[in-house]
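Order of the sequence lines sets the chain letters (A, B, ...), proteins ahead of strands, with each chain counted from 1.
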Amino acid sequence: MGMPDNTPPSDFIRAIISGDVKAGKNHGRVHTRFPPEPNGYLHIGHAKSICLNFGIAGEFGGLCNLRFDDTNPAKEEVEYVESIQEDVRWLGFDWDDRLYYASDYFGKLHEYAVQLIRKGKAYVDDLSADQIREYRGTPTEPGRNSPFRDRPVEENLDLFERMRAGEFGDGSRVLRAKIDMASQNLNMRDPVIYRVLRASHHRTGGQWCIYPMYDFAHGQSDSIEGITHSICTLEFEDHRPLYNWFIEQLGIFHPRQIEFARLNLSHTVMSKRKLLQLVREGHVSGWDDPRMPTISGLRRRGYTPEAIRSFCERIGVAKRESMVDIALLEHCLREDLNKRAPRVMAVLRPIRVVIDNYPEGEVEELEAVNNPEDPAMGTRKVPFSRVLYIEQEDFMEDPPKQFYRLCPGREVRLRYAYFIKCVSVVKNQAGEVVELHCTYDPATRGGDAPDGRKVKSTLHWVSDAHSIQAQVRLYDHLFTKADPEGDKDAPDFKAFLNPKSMETVTSCRLEPSLAGAIPGSRYQFERLGYFCVDRDSAQDRLVFNRTVTLRDEWARIQKTGKEKKHG
RNA sequence: UCGGGUGUCGUCCAAUGGUAGGACAGCAGACUCUGGAUCUGCCUAUCGAGGUUCGAAUCCUUGCACCCGAGCCA
């Protein structure tokens, strides 16, 4: 999808499915689903699951449903339901008319529960939550049977009906599956399958005051939808025997569950609980803060669906837990943006340059290419005049040997314009350089010297009189540590929040072609990085988010301290 | 301690008894009107110990490490 003829992804899940298809299971039918709980925004980890489930369905000529596992009304909201649909669609996937909710099955699930009671496989328990926990035992000691475990079927039926009718208070009684309190799998020790909960559900409103537990809803929902391959994360491995038990007791269609390791990404956190915490405590501006690993945050940051999909393909799928370097995500992004983002000149931290020998009042329109990777994107005109701005960091009065940008006496090229040479500097009271005086060589118009002489570097620039102002937000990793959750000595993950994860630069100057750029559009600011127009932009005041920097050799040299002063 | 899982370059993923390979990162170089892009080269790995085999990442035994599990969360 989008990417050139890569070899089709191959992993243990596809191998299993392919084996099932060859063996004629389900008549070769493949049907998956993406089953989020609408209790938060989707993140890049969900993208992995989305690409897996929708991707597999596509490859095997099957279908993939979108189903909301909305069994806990206390935590779920329509805001989340809506954002999730938007995000899945934005990623490029389509569930057609197969949008489902576990809550669609509340009636059916209730019937299933009654069936279990009738079979003597479920009972109403009057024990409190604390008592149930106590009776459950521990991993090394078996649990004990509840004193209510052997209630007659009729009594259970009556009690369960009265639970449903609202006769009992929240938490006063639960329905439990009757399995084995001595099982070494804690999930099989008579798990609670229905609880009394007076909360308004985002879809069923006040229709129910009992709700099925996830464990009682998930497997059966898959079964109801005819899901052939129920792909989920590792922590549900221990639940599989329980799902199988329900399916077998109920005698209904049996999906095959396959577990894989969830995605961990360096320099960020991925749990919805922690992301919610960052939002609530104001460490970020919201779920879609461009620093967040959420789909909406990445979108606002300027990521493309193609880059995210390519990333999900490259990280692979396996059962071992791992942490992917965020550099891979950024690589996929640059790879995609390099091909499609129009180039443009923008000066983030301007320093004024006066071309002494350039006629006052004259303006030239110079031709610049929009994307050297794609000639079809054409060219544009950029105005040049006597007073310009270049980047502060592109000038050094007393440069080290490896700095080959502008300095006194040195000639460099202004991209698509002229060679200029710095002849003098103007300083303020504090001794800081505030203005450069240069001369230009009229013979180098367009950027090439007819006499064949070369310059070491090419700088981006804008014309003072023609440039437009903008604000730019420079983003960096949200956390300074690759694994913010992994330090046992730290109080918690927030200890590693990166104080420099966002820097706002306000007096940036852009070339005039950017006037009226629409929110969401992406550009490469030459030599700086990829930037995306933020929705905070106003008509006369553009706001850009830095999506990602370009790979930067000079920054690397500075960082590793490899340059030698004056060689 | 009990049950379930997992151990391969710095990182992620392959190799399913037959030359341990790819990607990212890193390093070095070529090229370049973006210190970008592109291209070339280099670098480093099978958790340990035994065993089976002509041959083991793969099979067996054993040890170790890590992850998950005692919600009326999902």
(request) Check every strand shown and say whether A:Glu237 touches a base, only sugar-phosphate, or nothing at a heavy-atom separation below 4.0 Å. (result) sugar-phosphate
(request) Using a cut-off of strictly less than 4.0 Å, decide whether A:His331 has a side-chain nitrogen or oxygen near OP1 or OP2 of B:rC24. (result) yes
(request) Just compare B:rU34, B:rG36, B:rA23 and give me whichever is closest to any side-chain atom of A:Arg415. (result) B:rU34
(request) With sequence neighbours left out, write down each residue that passes side chain to side chain donor-acceptor pair (under 3.5 Å) with A:Glu76, or none if nothing qualifies. (result) none
(request) May I ask you to list the residues of residues 371-380 of chain A, by number, that have any heavy atom positioned under 4.0 Å from an atom of RNA chain B? (result) A:Pro372, A:Glu373
(request) Starting at the 5' end of nucleotides 66-74 of chain B, put B wherever the base has a protein heavy atom under 4.0 Å, S where only the sugar-phosphate does, and a dash everywhere else. (result) -SBBBSBSB
(request) Count the heavy atoms of every other residue, nucleotide or ligand shown that sit under 6.0 Å from NZ of A:Lys274, and state whether that count exceeds 12. (result) yes
(request) Name the orientation of the base relative to the sugar in B:rG5: syn if the glycosidic angle is within 90° of 0, else anti. (result) anti
(message) Run the side chain to side chain donor-acceptor pair (under 3.5 Å) test against A:Gln131 and tell me which residues pass, sequence neighbours left out.
(response) A:Ser128
(message) Testing A:Phe531, A:Tyr389, A:Phe544 one by one against A:Leu348 for a side chain to side chain contact (heavy atoms under 4.5 Å, CB included), which residue passes?
(response) A:Phe531
(message) Taking the side chain as everything from C-beta on, heavy atoms only, tell me whether A:Arg527 gets closer than 4.5 Å to A:Leu459.
(response) yes
(message) Going by the rule side chain to side chain donor-acceptor pair (under 3.5 Å), which residues pair with A:His267 if we only count those two or more places apart in sequence or in a different chain?
(response) none
(message) So A:Leu550, base contact, sugar-phosphate only, or nothing? Heavy-atom distance under 4.0 Å.
(response) base
(request) Looking only at non-hydrogen atoms, find the nearest pair between A:Met270 and A:His43 and report the distance. (result) O-NE2, 2.9 Å
(request) Determine which bases of RNA chain B form Watson-Crick or G-U wobble pairs with both distances under 3.5 Å, and write the result as a 5' to 3' dot-bracket string with | for other-strand partners. (result) .((((((..((((....[..)))).(((((.......)))))....(((((..]....))))))))))).....
(message) Determine whether a donor-acceptor pair (one donor, one acceptor, N or O, separation below 3.5 Å) exists between the side chain of A:Arg320 and the base of B:rG5.
(response) no
(message) When you compare the side chains of A:Glu37 and A:Asn39, does any donor N or O come within less than 3.5 Å of an acceptor on the partner?
(response) yes
(message) Under a 4.0 Å threshold between the charged nitrogen and the carboxylate oxygen, would A:Asp222 count as salt-bridged to A:Arg67?
(response) yes
(message) As a test of reading the structure: which of B:rA23, B:rG4, B:rU6 is closest to the side chain of A:Leu328, going by heavy atoms?
(response) B:rA23
(request) Scan A:Arg334 against the nucleic acid and name what it touches under 4.0 Å (heavy atoms): base, sugar-phosphate only, or nothing. (result) nothing
(message) Taking A:Pro342's backbone N and O only, do any of them form a donor-acceptor pair with A:Asn371's side chain (distance below 3.5 Å, no angle check)?
(response) no
(request) May I ask you to evaluate whether A:Arg527 reaches the phosphate of B:rG35, defined as a side-chain N or O under 4.0 Å from OP1 or OP2? (result) yes
(request) Assign the ring pair A:Tyr194 / A:Phe160 to parallel, tilted or perpendicular, where the plane angle (0 to 90°) is split at 30° and 60°. (result) perpendicular
